[in-house]
Amino acid sequence: LETREKKRGDRFDGYWLRDEVPAMNSFMAYLFPNRADNEAFIEQSIDLRPMDAFLAKKNAGLEKDKYSYFHVILAACVKCFVLRPRMNRFISGNRIYQRDHISVAFVVKKRFEDSSSEGLAYKRYTGDDTIDTLHASILEEIYQCRRTDVCLQIAVHFPAQKRMQICGQFSAILVIHPGGKAFTKL
């Protein structure tokens, strides 16, 4: 990942691409003002037998914490953003920014039940991650989300979309123990 010195107009999570974007691409930021206006969908059939063979090889001898499709697909997405950093751009305030990191977020169920509560796991990765380091960090995050001695409370009276917006503004997560003691987790 490219690291640059932050300049005026840059955000905490990315660099403003002032003159680096073609004029047509800059204009698109005004055509699609909302965050989900420019989504692309594709339908593709993929033979998963090679991935099944890979997973069988990786999981040989493992009793628990096995590799799954999720780990392979997530590792592929992270690698894709490393190899093609222009895919890791976003628009805010009609400006185009290049993210200065690779991050993924996923929902973790506290228990494997339909009525179980959920937690949001948010991880940052570098270009040096392998599927093994990614697998280990995902498992660590899942175990942290499933802990029963820690609870996370963020403005539960707000609607879900507003809570997600609030959570996205923090680079660290504030964790509050039931006893009232708080600490941050980067």
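Start at 1 with the first residue, then count along the sequence.
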Item to check | Full working for side-chain contact (heavy atoms from CB on, under 4.5 Å) between F106 and I142 | outcome: CA-CA 10 Å; F106 52 93; I142 289 172; 4.2 Å; yes
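Not a single donor-acceptor pair under 3.5 Å links the side chain of K123 to the backbone N or O of I138. Remark: the backbone N or O of A56 is not paired with any side-chain donor or acceptor of N59 at under 3.5 angstrom. Judged by distance alone, with hydrogens and angles left aside, the side-chain atoms of K109 form a donor-acceptor pair with the main-chain N or O of S116 at under 3.5 Å. Counting only distance, with no hydrogens or angles, the side chain of Q98 and the backbone of L17 share no donor-acceptor pair below 3.5 Å. With D129 contributing its side chain and T126 its backbone, the two residues share a donor-acceptor pair below 3.5 Å. At least one donor-acceptor pair closer than 3.5 Å links the side chain of H135 to the backbone N or O of D65.
In this structure, R86 CZ and R84 CZ are separated by 11.0 Å, a value rounded to the nearest 0.5 Å. Once rounded to the nearest 0.5 Å, the distance linking NZ of K57 with CG of D52 reads 14.5 Å. Here the straight-line distance linking atom CZ of R11 with atom OG of S92 works out to 4.0 Å at 0.5 Å rounding. To the nearest 0.5 angstrom, S115 atom OG is 14.0 Å from K110 atom NZ. Between the CD1 atom of I131 and the CG atom of L55 there is a distance of 7.0 Å, given to the nearest 0.5 Å.
Each of W16 and I96 belongs to its own hydrophobic cluster when Ile, Leu, Val, Met, Phe, Trp and Tyr are linked at side-chain heavy-atom distances under 4.5 angstrom. Clustering ILVMFWY residues whenever any of their side-chain heavy atoms sit less than 4.5 angstrom apart, transitively, puts L74 in a cluster other than the one holding Y67. There is a path of hydrophobic side-chain contacts, each under 4.5 Å, that joins Y125 to V82. V108 is not connected to Y143 by any chain of hydrophobic side-chain contacts under 4.5 Å among Ile, Leu, Val, Met, Phe, Trp and Tyr, and they are in different clusters. V104 and L139 sit in two unconnected hydrophobic clusters of ILVMFWY residues. Membership requires side-chain heavy atoms under 4.5 Å apart, directly or through other members.
Across every non-hydrogen atom of V78 and I102, the tightest pair is O-CD1, 3.8 Å.
Salt bridge annotation for K58-D132: present, with a cationic side-chain nitrogen under 4.0 angstrom from a carboxylate oxygen.
Cation-pi check for K6 over Y15 is met; the charged atom lies under 6.0 angstrom from the ring centroid and within 45 degrees of its normal.
Classified by interplanar angle (parallel below 30°, tilted 30° to 60°, perpendicular above 60°), the ring pair F90/Y97 is parallel.
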